[in-house]
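Convention: sequence-line order gives letters A, B, ...; per-chain numbering from 1.
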Amino acid sequence: MLDIKYIRENSDKVKKAAIDKLVKVDIDRLLALDESIVTINQKLDVMKEERNILSSKIPNLDANEKQKAVEYVRSLKEKITTLESEIFPLKEEYTTLMYLVPSVPFDEVPIGKTDEDNVEIKRVGVVPTFNFELKDHVTLSEELDLVDIPRGVKIAGSRSYYLKNDGLILEMALSRYVIDKLISKGFTPMAVPLMVKEEAMYGTSYFPGGREQTYTITEDNLYLVGTSEVSLVSYHSGETFESENVLPKMYCGLSNCFRREAGTYGKDTRGLYRVHQFTKIEQVILCEADYDIQYKLHDFLLNNAEEILQDLKIPYRVVKVCTGDMGNGQVRKHDIEAWMPSRGKYSETHSCSSFNDFQARRSNIKYKDKDGNLKYCYTLNNTAIASPRILIPLLELYQNEDGSITIPDVLVPYMGKTKIERKQ
RNA sequence: GGAGGAGUACCCAAGUGGUUAAGGGGCUUGUUUGCUAAACAAGUAGAUUUCGUAAGGGAUGCGAGGGUUCGACCCCCUCCUCCUCCGCCA
């Protein structure tokens, strides 16, 4: 959510942002509503003041005067009620529009419509060549009994799977290695609620836009999170930090993530790339409302993810995400795409975003600055590791001609072995 | 799941329909005394928004949202949170 004052004073920028982000929202209508609401509210305030003054005098009046006064205030009350019923639909429309208004991306963000317009800024690592025919992760994991997709589909429908044997251990090893790394960088590790209230979904700006991607538990009015970012950002919702000295707050959340993947029917159907339920460790930072601080922390988050891929010796590229491929609230975003041999291309494994105060405003997270002013925090997040998607490059790049998988060096201590081999 | 109770400021807590939401503790400032400290006095109800160059005024605000009323912390409804007891349970 943006500050209405900002929208009033920068309507051209906001309109351009909406066009660039492919968001349909009528800013002129919003501003007209804002003006009407303010005008009516002013009238209401004057009438309410009169009502308050008069009604407070009523107990001291004699019977005759009292009756007159009550009648007058009653008529005043009717006018107030009428005005309030006029303003109500305006406020509703205003709120609906406010939730749709996107944040204004930084100037550096490329303008474009889809992920094809994202701009590659670097490639790291060398795509290896093999002198034998490569198997894809589905074949490898079937042969080594690491994953069972057919039975996942039998039990839970399409895009479902079982992780088995060293497949599970590998995921746990990755998780533990990543958490240890992030702890060493100052993050507080957390396991988070996977089911959250609607406020948390709105507060992190996944709602109203992302409703159809979200699993709903109707009976209890709860929602399954698509990322622990929802729970981590909401952790401090409604709170005010007493001083900027306690910032930044750095958290990493381990969670299962649930995504309906509505509208992706027929897309990425093979294997573990696009599934309804996965495991992810997410980095989240709340920081001061300062461009430079946020900028540096964004680069820090991005670098952490890159280090993880470098440790795993997975070749990747980093792209600047274009306006059309950005979320509503994001002002700067980078994706990291890992090389996936079976897809023959780099594909997204990490996504790093800065929000300015877009989420903090909705979640009401503030801090008191040096001068005692209350300000909304800035929020940022990035993937640290998401499995099973990361298993695609991992299994495919670490496969050997005999069908075994070499364990990356950094994971050996967590796996307790150096190879996954076919059971005899 | 069943039966009760509670939510007021940084903390405790009074307030059951009427002007300015008691009182403690803590905190801040001041006065006093040789120190730790004590006593006394004053200040401590946030936050949002609107009008105004400003000084200052208005509206909202007692867990959240509605309702009744001329007027609601107080009465009614819904929801959230916490506590006690019973039942169930990894």
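Within 4.0 Å (heavy atoms only), Leu374(A) reaches sugar-phosphate atoms of the nucleic acid but no base atom. Contacts of Lys57(A) with the nucleic acid, taken as non-hydrogen atoms under 4.0 Å apart, are absent.
For the pair Glu396(A) (side chain) and Ser342(A) (backbone), a donor-acceptor distance under 3.5 Å is present. Under the 3.5 Å distance criterion, the side-chain polar atoms of Ser363(A) are left unmatched by any main-chain donor or acceptor of Ala360(A).
When the P atom is compared between U8(B) and G4(B), the two are found 23 Å apart, to the nearest whole Å. Between U84(B) and U31(B), the two C1' atoms lie 50 Å apart (nearest whole Å). Distance check on atom C1': G52(B) versus A41(B) gives 36 Å, rounded to whole Å. Comparing the C1' positions of C12(B) and A45(B) gives a spacing of 16 Å, expressed to the nearest Å. If you take atom P in G24(B) and the same atom in C74(B), they sit 26 Å apart, rounded to whole Å. A distance of about 10 Å separates the P atoms of A6(B) and C75(B), rounded to the whole Å. The same atom, P, is picked in G46(B) and in C11(B); the two are 15 Å apart, to the nearest Å. C62(B) and A3(B): their P atoms are spaced 29 Å apart (whole Å).
Test Lys181(A), Gln283(A), Lys249(A) against Phe187(A) for side chain to side chain contact (heavy atoms under 4.5 Å, CB included) and you get one pass: Gln283(A). Across Arg332(A), His334(A), Gln294(A), a single residue satisfies side-chain hydrogen bond (donor to acceptor under 3.5 Å, both in side chains) together with Asp299(A), and that is Arg332(A).
Under the 6.0 Å cut-off for aromatic ring centres, His236(A) and Phe241(A) qualify, their centroids lying closer than that. Checked against a 6.0 Å centroid threshold, the rings of Phe207(A) and Tyr223(A) count as neighbours.
Using N1 to N3 plus N6-O4 or O6-N4 for Watson-Crick, or N1-O2 and O6-N3 for G-U wobble, each under 3.5 Å, G7(B) pairs with C80(B). Base-pair partner of C75(B): G67(B) (Watson-Crick or G-U wobble, both distances under 3.5 Å). Pair assignment for U19(B): none, as no Watson-Crick or G-U wobble contacts are both less than 3.5 Å. Base pairing of G34(B): no nucleotide in any strand meets the Watson-Crick or G-U wobble criterion (both distances under 3.5 Å). Base pairing of G1(B): its partner is C86(B), meeting the Watson-Crick or G-U wobble criterion (both donor-acceptor distances under 3.5 Å). G26(B) is paired with U44(B) under the criterion used here, namely a Watson-Crick or G-U wobble arrangement in which both key atom distances are under 3.5 Å. A14(B): no Watson-Crick or G-U partner with both key distances under 3.5 Å is found in any strand.
Where Lys197(A) and Lys366(A) meet RNA chain B, the nucleotide closest to each residue was compared, and Lys366(A) sits on the side nearer the 5' end. Comparing Lys5(A) and Val73(A) along RNA chain B, the residue whose closest nucleotide (by nearest heavy atom) sits nearer the 5' end is Lys5(A).
The line from CD1 of Ile336(A) to OG1 of Thr383(A) is 8.0 Å long, rounded to the nearest 0.5 Å.
Every pair tested for ring-ring contact (aromatic ring centres under 6.0 Å, His included) that includes a residue from residues 17-41 of chain A fails, sequence neighbours excluded, so the list is empty.
Interface limits on RNA chain B: the 5'-most and 3'-most nucleotides within less than 4.0 Å of chain A heavy atoms are G18(B) to U81(B).
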